[in-house]
Amino acid sequence: MRNPVLLHKTASQVQQELEACIGCNECLLACPALDEPLTIDVLNRETFGGPISAPVARFARSCYQCGACVPPCPVGLHRDAMMMWLKIRLYRSGEED
Amino acid sequence: MPALRSSSPYDYAADREWAGTRGYPLFFAYLKPRNLLRIGLGLLIAVAGLVFCIWYSRNGSDPTPDSLVGLIYAVLGTAFLLLAGLLYSLHRRSRKSKKVIGGLRSALGWHMFFGLTGLALIFYHSFGNFNPRSGTYALYGLIALVISGIIGRSLDRIMPRLIAKEASKALTQDGEDRIEAISQQLQAIVEHNTQRVRGLTSSSASSAVSAAPERVRSAGRGRTLHGPWDLAYLTLEETPQELSRYEQSYRLVPDRKSPLSRPGALLPGAQEQMAALQAVEHAMRREQFYRYVIRYWRIFHILLALVTAGLVIWHLEYAASLVIPTLFH
Ligand code: HEM
Ligand code: SF4
Ligand code: SF4
């Protein structure tokens, strides 16, 4: 049985992970939710802050936190947590509007 | 109270007005042309199969599961179900060199396509015969499996949004840990109030100390106790002890009506922070629950797939014992 679920990460932790990302694409290749071509640099750039483009927003909403992106990462990063941060930003922007 | 400075690298204020895509609706669907194609093809197979099934039931010579038509439905349906179970599982485990971005999503689309149309074909194969035999149990298993897949797919949409909502409560506007922020606030409140209370007690204590000799002096003004202590002598005037007892500043236990008797009154703001702390803890517990729902529903779906595979194999064995002798006759 796998370990207990890991909860969300903070903005600082997400930023650290984004800085550590080597852009190898392994997480995106393992993802069963990503339905369109997306480059990792665009995703990383838009994850932390600033405007979110439509393809990144579609991917963020479609991500279902399955965690399939975590084991293939050679650096041990948590793409699922980065996607959750994007989800939170989208969620909050919806609450404000 | 000292203002707590955020050390977050994320600037919420700057991010508030971003132009671009915003919002996270509860229900949404992104239907790409190839997804529509898959849905169209699935509907076509299901409807064509149904129409032929109805027509054959009315006009056909032998509308039973073990007739030629029934067996064609069975073989097609089983092939579809096998494809549903195997294609996606194998694609997930395939070597990365074979993968392309979006490939796994496409495989999941075909998984759902084959699962749903496969169930429809097996349903037509039954031709309305639901006797309590192995085939019926296999069909029930398949129905439960497909329903569990549909529910799982819906949970995969709903749960992550609920998680985002709860996680949002557990983070400050700047995306930092709210528990940490609240603990800092609490500490600041305690320190701030401790200083106030210290200031209060030291000023009141010093005034009491300076006032006490004065009262003693005024109480005893004009009357000095000279000579031996006379036990029969009782003064009707207030003693220094009585004076100090009536003094307001010495009433350290507030009476019940006093606003000071409210819990937390001696630490203003602390109660609100404690409530906020509890709210964050509840949010994190809910987040954990939603994450477990996603995880365990997937495990349930896979277990159901294994049980159903067992039921189908049991039924195939039974069907083989019926069909193989007729083939040799
Ligand atoms: C005959 C029918 C089906 C069989 C035998 C089956 C079997 C399986 C198996 C074995 C897995 C695990 C794959 C893996 O992790 O390696 C799986 C996953 C899944 N199935 Fe099915 N399934 C069927 C029908 C459906 C249907 C009809 C749906 C939805 C409408 C569905 C939705 C899903 C989903 C969402 C997953 C999880 C995908 C993931 O994140 O890995 N399944 N199924
Ligand atoms: S957690 Fe999200 S990003 Fe990671 S593999 Fe699953 S759906 Fe894709
Ligand atoms: S697998 Fe890890 S290092 Fe590679 S792109 Fe994804 S997050 Fe970055």
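A, B, ... follow the sequence lines: proteins, then strands. Residue 1 opens every chain. Because the structure is predicted, anything quoted here is derived from the model rather than measured.
For the options B/Pro160, B/Gly103, B/Ala170, B/Gly102, heavy-atom pairs under 4.5 Å to chain A are most numerous at B/Pro160. Of the listed residues (B/Lys165, B/Gln288, B/Met159), the one with the most heavy-atom contacts under 4.5 Å to chain A is B/Lys165. Your options are A/Pro32, A/Gly94, A/Ser53, A/Pro51, and the one with the most heavy-atom pairs under 4.5 Å with chain B is A/Pro32. Counting heavy-atom pairs closer than 4.5 Å to chain B, the top residue among A/Pro37, A/Gly50, A/Gly49, A/Ala33 is A/Gly50. Chain B forms more heavy-atom pairs under 4.5 Å with one residue of A/Val56, A/Leu6, A/Val14 than with any other, namely A/Leu6. Ranked by heavy-atom pairs under 4.5 Å with chain A, the first of B/Pro9, B/Ser106, B/Ala167 is B/Pro9. Of the listed residues A/Ala54, A/Ser93, A/Ala11, A/Pro72, the one with more heavy-atom pairs under 4.5 angstrom with chain B than any other is A/Ser93.
Heavy atoms of B/Asn35 lying under 4.5 Å from chain A belong exclusively to its side chain. With a 4.5 angstrom heavy-atom cutoff, A/Ser12 touches chain B via backbone and side-chain atoms both. At a 4.5 Å heavy-atom cutoff, the contact between B/Lys32 and chain A is made by side-chain atoms alone. Of the two parts of B/Arg153, only the side chain, counted from C-beta on, holds a non-hydrogen atom closer than 4.5 Å to a non-hydrogen atom of chain A. Within the 4.5 angstrom heavy-atom criterion, atoms from both the backbone and the side chain of A/Glu36 approach chain B.
Residues B/Tyr10 and A/Arg89 form a side-chain contact, since some pair of their non-hydrogen atoms from C-beta on lies under 4.5 Å apart. Considering only heavy atoms from C-beta on, A/Arg61 comes within 4.5 Å of B/Pro25 through its side chain.
Taking CG from B/Leu171 and CE from A/Met84, the interatomic distance works out to 10.5 Å, rounded to the nearest 0.5 Å.
Counting only N and O atoms by type, the side chains of B/Tyr12 and A/Arg92 include no donor and acceptor under 3.5 Å apart.
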